[in-house]
Amino acid sequence: MVTELDDIRLVVLDMAGTTVADGGLVERAFATAAAELGVEPGSADHAEKLDYVRATMGESKISVFRHLFGEESLAQRANSAFEKAYVELVDGGLIAPVAGAREAIEELAQDGRTVVLTTGFARVTQDAILDALDWRELVPLTLCPADAGGRGRPYPDMVLQAFVRTRVAEGVQQIAVVGDTSYDMLSGVRAGAGVVAGVLTGAHEEEALRAAGATRVLASVAELPRLLRGVGP
C-alpha cells in the first residue's frame with residue numbers, strides 16, 4: 001500500500017540524536033557504567049563493549065547491558081550506573097534540542113498530527129531530558145520501553161503502544177516513525193508504519209538507515225513537516 005504523506009496522523013519521534021542533541025553523552029555515561037563493573041578504560045574489552053554500544057544505539061539500554069555483561073545482577077548494576085551518570089550530565093546542562101526540533105514538533109501539531117516522543121532510556125532519564133528542555137507539555141504522550149511491556153527497539157512495541165494509546169490513526173499505515181538509528185528504522189518497519197524516516201543528526205549514516213528500511217532520509221527532523229505536507233525532499 002502506498003501511503004499518502006498528508007494522510008499521516010501519528011508521528012513517533014525518537015529523542016536522543018533525533019530531536020535532542022546530547023553531544024555523545026551516551027558514550028560518556030557508558031564509560032562510567034563500565035568502570036563501575038571493573039572494565040578498564042583503554043582496554044580491548046572496553047573498546048569492544050563501546051563498539052557494541054555504538055552499533056546498538058536506539059536499543060533499550062538494559063537490553064544492551066544484558067548482552068554486554070550477561071548476568072542479570074551485573075546488567076542491572078551497569079544500567080543503574082549508566083542512568084545515574086546520564087542524568088547528572090543532563091542536569092549539568094549538556095543537552096539541547098536539535099536545531100528546529102521544537103518548531104518542527106509544533107508545526108506537526110498545527111498540521112493536525114499527534115506527536116509521541118520515544119526513547120531507549122529508562123523513564124527517570126527520559127523525564128530528566130524533558131525537564132531540562134522544558135518539553136513536558138510539548139507533546140501529549142512520551143514512551144520508554146517500560147511503558148510498552150519492557151521491550152524497546154528494534155521491536156515495534158513502543159510504536160504500537162503509541163498507536164493504541166493515542167487512537168488518532170485508523171491503521172498503522174497512518175504512522176510515521178522517525179529516528180537516527182537503524183533500530184529506529186527496524187521498529188518502524190516491524191510496526192507497519194507508512195513512513196519510516198531516518199535523520200542524519202545522530203548515530204548512524206544514510207547507508208545504515210536505508211539498509212534497515214528507511215523509506216526517507218532527512219538532514220534533520222526540521223525537514224519533517226514539509227515532507228509530510230508533500231513539499232519536502
Side-chain angles (χ1 to χ4, degrees), residues 1-5 7-20 26 52-68 75 79 105 108 113-123 125-126 139-218 220-221 223-224 227-228:
M1 177 183 295
V2 176
T3 299
E4 294 293 337
L5 293 176
D7 198 36
I8 295 296
R9 294 290 169 262
L10 173 62
V11 181
V12 180
L13 298 178
D14 170 53
M15 292 180 67
T18 302
T19 55
V20 179
V26 167
Y52 184 80
V53 169
R54 289 168 174 159
T56 57
M57 287 289 190
E59 185 178 357
S60 168
K61 293 299 175 284
I62 184 60
S63 296
V64 172
F65 288 121
R66 283 174 179 142
H67 175 90
L68 291 177
N79 190 63
I105 293 169
L108 291 166
R113 309 183 207 279
T114 297
V115 178
V116 174
L117 293 173
T118 63
T119 185
F121 295 133
R123 168 55 64 182
T125 309
Q126 185 177 38
V139 298
L141 179 65
T142 63
L143 296 171
C144 66
D147 298 319
R151 293 204 312 180
R153 311 178 192 105
Y155 297 103
D157 302 28
M158 286 194 291
V159 178
L160 296 176
Q161 190 71 211
F163 171 72
V164 171
R165 288 204 195 183
T166 60
R167 295 186 164 193
V168 296
E170 295 177 1
V172 291
Q173 74 279 1
Q174 290 183 329
I175 303 173
V177 173
V178 185
D180 66 296
T181 71
S182 58
Y183 277 14
D184 291 308
M185 303 301 96
L186 284 169
S187 71
V189 170
R190 292 171 176 178
V195 172
V196 180
V199 295
L200 299 177
T201 50
H204 294 161
E205 302 295 332
E206 180 169 359
E207 182 178 359
L209 297 170
R210 290 199 181 277
T215 57
R216 307 278 179 138
V217 176
L218 308 175
S220 85
V221 72
E223 297 180 352
L224 185 62
L227 171 69
L228 297 184

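In this chain, numbering begins with 1 at the start of the sequence shown.
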Arg216 and Leu227 have their tightest heavy-atom pair at NH1-CD1, 3.4 Å
What distance separates Asp7 CG from Leu228 CG, expressed to the nearest 0.5 Å?
-> 11.0 Å
Asp180 backbone acceptor or donor facing Thr18 side chain under 3.5 Å | yes
Among Ile105, Val20, Leu141, Val11, which residue meets the side-chain contact (heavy atoms from CB on, under 4.5 Å) test with Leu117?
-> Ile105
Results of ring pair (Phe, Tyr, Trp, His ring centres under 6.0 Å) for Phe65 - residues two or more places apart only = Phe82
The single option from Thr119, Val116, Val12, Thr118 that satisfies side-chain contact (heavy atoms from CB on, under 4.5 Å) with Met158 is Thr118
Looking just at side-chain N and O atoms, do Asp184 and Thr181 make a donor-acceptor pair shorter than 3.5 Å?
-> yes
Taken to the nearest 0.5 Å, the spacing of Cys144 SG from Lys61 NZ works out to 12.0 Å
On a heavy-atom basis, the closest approach of Gly171 and Phe163 is C-CE1, 3.7 Å
From Gln174 CD over to Arg113 CZ, what is the distance, rounded to the nearest 0.5 angstrom?
-> 10.5 Å
So, for Val177 and Ser187, which heavy atoms are closest and what is the spacing to 0.1 Å?
-> CG1-OG, 4.3 Å
All N/O donor-acceptor pairs, side-chain side in residues 193-204, below 3.5 Å, sequence neighbours left out:
{"unit_1": "Thr201", "atom_1": "OG1", "unit_2": "Gly17", "atom_2": "O", "d": "2.7"}
{"unit_1": "His204", "atom_1": "ND1", "unit_2": "Ser182", "atom_2": "N", "d": "2.9"}
{"unit_1": "His204", "atom_1": "NE2", "unit_2": "Arg54", "atom_2": "O", "d": "3.3"}

Given Gln161, Arg165, Gln126, Arg123, the one that forms side chain to side chain donor-acceptor pair (under 3.5 Å) with Asp147 | Arg123
Indicate whether any N or O donor in one side chain lies under 3.5 Å from an N or O acceptor in the other, for Ser63 and Arg151.
-> no
To the nearest 0.5 Å, atom CG of Leu10 lies from atom CZ of Arg167 at 14.0 Å
Tightest non-hydrogen contact, residues Arg9 and Val168, listed as CB-O, 3.6 Å
Report the C-alpha distance between Val139 and Leu13 in whole Å, list the side-chain angles of each, state the deciding distance to 0.1 Å, and finish with yes or no for side chain to side chain contact (heavy atoms under 4.5 Å, CB included).
-> CA-CA 11 Å; Val139 298; Leu13 298 178; over 6 Å; no
Can you tell if the side chain of Pro140 reaches within under 4.5 Å of the side chain of Thr166, non-hydrogen atoms only?
-> no
Scanning both residues in full, the closest heavy-atom pair of Ala16 with Asp14 reads O-OD2, 2.9 Å
Show your reasoning for whether side chain to side chain contact (heavy atoms under 4.5 Å, CB included) applies to His67 and Thr56.
-> CA-CA 11 Å; His67 175 90; Thr56 57; over 6 Å; no
Does some side-chain heavy atom of Tyr155 sit less than 4.5 Å from a side-chain heavy atom of Leu160?
-> no
Closest approach of Met185 and Ala214, non-hydrogen atoms and distance?
-> SD-CB, 3.5 Å
